[in-house]
Protein chains: 2
Amino acid sequence: MKLDLTDLRILNALQQNGKLTMKELAGSMGLSITPVYERIKYLEKQKYIKKYVALVDRKKIGKEILAFASVTLTSHQRPMIEQFEKEVLPLKEVMECYHMAGVMDYLLKVCVDDMDAYQRFVVNKLAVMENIAQVHSWFILDDIKTDTSVPIHIPD
Amino acid sequence: MKLDLTDLRILNALQQNGKLTMKELAGSMGLSITPVYERIKYLEKQKYIKKYVALVDRKKIGKEILAFASVTLTSHQRPMIEQFEKEVLPLKEVMECYHMAGVMDYLLKVCVDDMDAYQRFVVNKLAVMENIAQVHSWFILDDIKTDTSVPIHIPD
DNA sequence: TCTCAATAAAGAAAATTTTTCTGTTAAATG
DNA sequence: CATTTAACAGAAAAATTTTCTTTATTGAGA
């Protein structure tokens with residue numbers, strides 16, 4: 001039920017490098033393959049590990065624009081909220097979408113080819129939604145750090 | 001040099017599921033294992049694929065707080081910029097950090113256990129930096145969409 | 001048109017990894 | 001002190017990755 005130090009070390013290693021072999025992991029932590037194998041299967045089954053993915057370099061495939069878009073809705077009624085969230089999910093330009101506390105309702109991370117595509121996205125995909133009040137955009141000049149790994153504190 | 005349709009389909013498949021086997025990929029695209037293998041190796045070598053990672057469920061390991069922090073510096077002189085970026089990188093609470101265009105200088109995605117930890121992070125790690133002028137925080141109520149996959153348009 | 005070279009893909013064998021299975025050790029419990 | 005259970009080790013089996021050899025296909029130039 002509760003993760004021990006070994007589990008946390010495995011999680012941490014795999015979120016840095018998902019291609020580590022059982023052998024490599026076992027070696028680095030002074031165990032045989034079996035316990036490492038069984039722990040990984042447990043972490044996967046219990047969904048501590050949500051999935052494994054390849055991270056693609058967006059600029060190398062021509063996605064020059066990464067931006068955050070804040071969205072404010074006209075109404076915070078339950079059906080409005082649900083409608084917006086349902087419509088945002090299938091938009092592939094939207095890599096991330098968060099329901100926010102405070103001045104904005106949603107914050108979206110948007111990835112597109114160029115400014116032209118961004119403009120089309122906002123005008124044709126966001127602004128057409130029924131209950132959108134405001135959209136503000138902030139553009140990223142440079143990626144300083146882009147980690148997918150959740151901070152895991154390993155006591156030693 | 002330029003990626004063709006098959007390369008894009010492989011990239012797209014692997015950024016959804018990094019554990020797909022060559023056999024599965026080959027089968028789904030009507031090819032044998034060899035061309036799939038060679039294309040993947042090419043995509044890795046050329047860094048179209050930056051890395052493979054396991055995605056960990058932050059809440060399941062007790063990270064209840066995910067927030068964005070905007071940072072404004074007191075000065076935009078080159079050395080100040082570089083100093084800030086150098087100091088942010090090793091902070092493991094900071095999963096992402098972007099240099100922004102416009103009103104804020106940096107936007108950080110921060111992940112910690114609880115509000116207490118967030119407060120300590122801002123006060124002890126951010127506010128102690130030499131050239132920080134302002135820090136504003138926005139807290140996430142709910143994750144609506146959290147994709148790591150770059151939108152890839154596959155013509156068909 | 002023919003030949004040659006280059007590219008892409010197929011198929012099979014070798015190497016490595018994952019997965020399963022069996023047995024051992026150690027800790028904990030009654 | 002005996003017994004049960006959990007964690008681990010080691011080896012065998014199954015599957016996957018990697019390498020190697022061969023076959024088509026295409027395009028350029030003689």
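Chain letters run A, B, ... following the sequence lines, proteins first and then strands; every chain starts at 1. Only a predicted model underlies this, so the values are computations on that prediction, with no experimental measurement involved.
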* **Sub-6.0 Å ring centroid separation between B:Tyr52 and A:Tyr52** => no

* Tell me, please, which residues at least two apart from A:His136 pass ring pair (Phe, Tyr, Trp, His ring centres under 6.0 Å). => none

* **Pairing residues for B:Tyr118 by the ring pair (Phe, Tyr, Trp, His ring centres under 6.0 Å) criterion, not counting sequence neighbours** =>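 B:Phe139.
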
Could you state the atom-to-atom distance from [atom1] of [X] to [atom2] of [N] in whole Å?
| X | N | atom1 | atom2 | result |
| --- | --- | --- | --- | --- |
| A:Lys41 | D:dA6 | NZ | C1' | 20 Å |
| A:Lys23 | D:dT17 | NZ | P | 16 Å |
| A:Leu5 | D:dA7 | CG | P | 14 Å |

* Which residues satisfy the side-chain contact (heavy atoms from CB on, under 4.5 Å) test with B:Arg58, sequence neighbours excluded? -> A:Val150, B:Lys63, B:Leu66, B:Cys111, B:Asp143

* For B:Asn124, enumerate each residue passing the side-chain contact (heavy atoms from CB on, under 4.5 Å) test, keeping only those at least two apart in sequence or located in another chain. => B:Arg120

* Asked: For DNA chain C, which nucleotides open and close the run of contacts to chain B, 5' to 3', at under 4.0 angstrom from a non-hydrogen atom?
  ->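 That gives a stretch of C:dA9 to C:dG11.
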
* To do: Return the orientation label for the A:Phe84 and A:Tyr106 ring planes: parallel under 30°, perpendicular over 60°, tilted otherwise.
  => tilted

* Which of these passes side-chain hydrogen bond (donor to acceptor under 3.5 Å, both in side chains) with B:Asp105: B:Gln134, B:His99, B:His76? ->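 Result: among B:Gln134, B:His99, B:His76, B:His76 is the only option passing the side-chain hydrogen bond (donor to acceptor under 3.5 Å, both in side chains) with B:Asp105.
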
* State plainly whether the residues A:Arg39 and A:Asp7 are in salt-bridge range, i.e. N to O under 4.0 Å. =>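 Judged by the 4.0 Å cut-off on N to carboxylate O distance, A:Arg39 and A:Asp7 do form a salt bridge.
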
* Go through residues 27-40 of chain A and report each residue with a non-hydrogen atom lying under 4.0 Å from DNA chain C, sorted by number. =>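 The answer is A:Ile33, A:Tyr37.
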
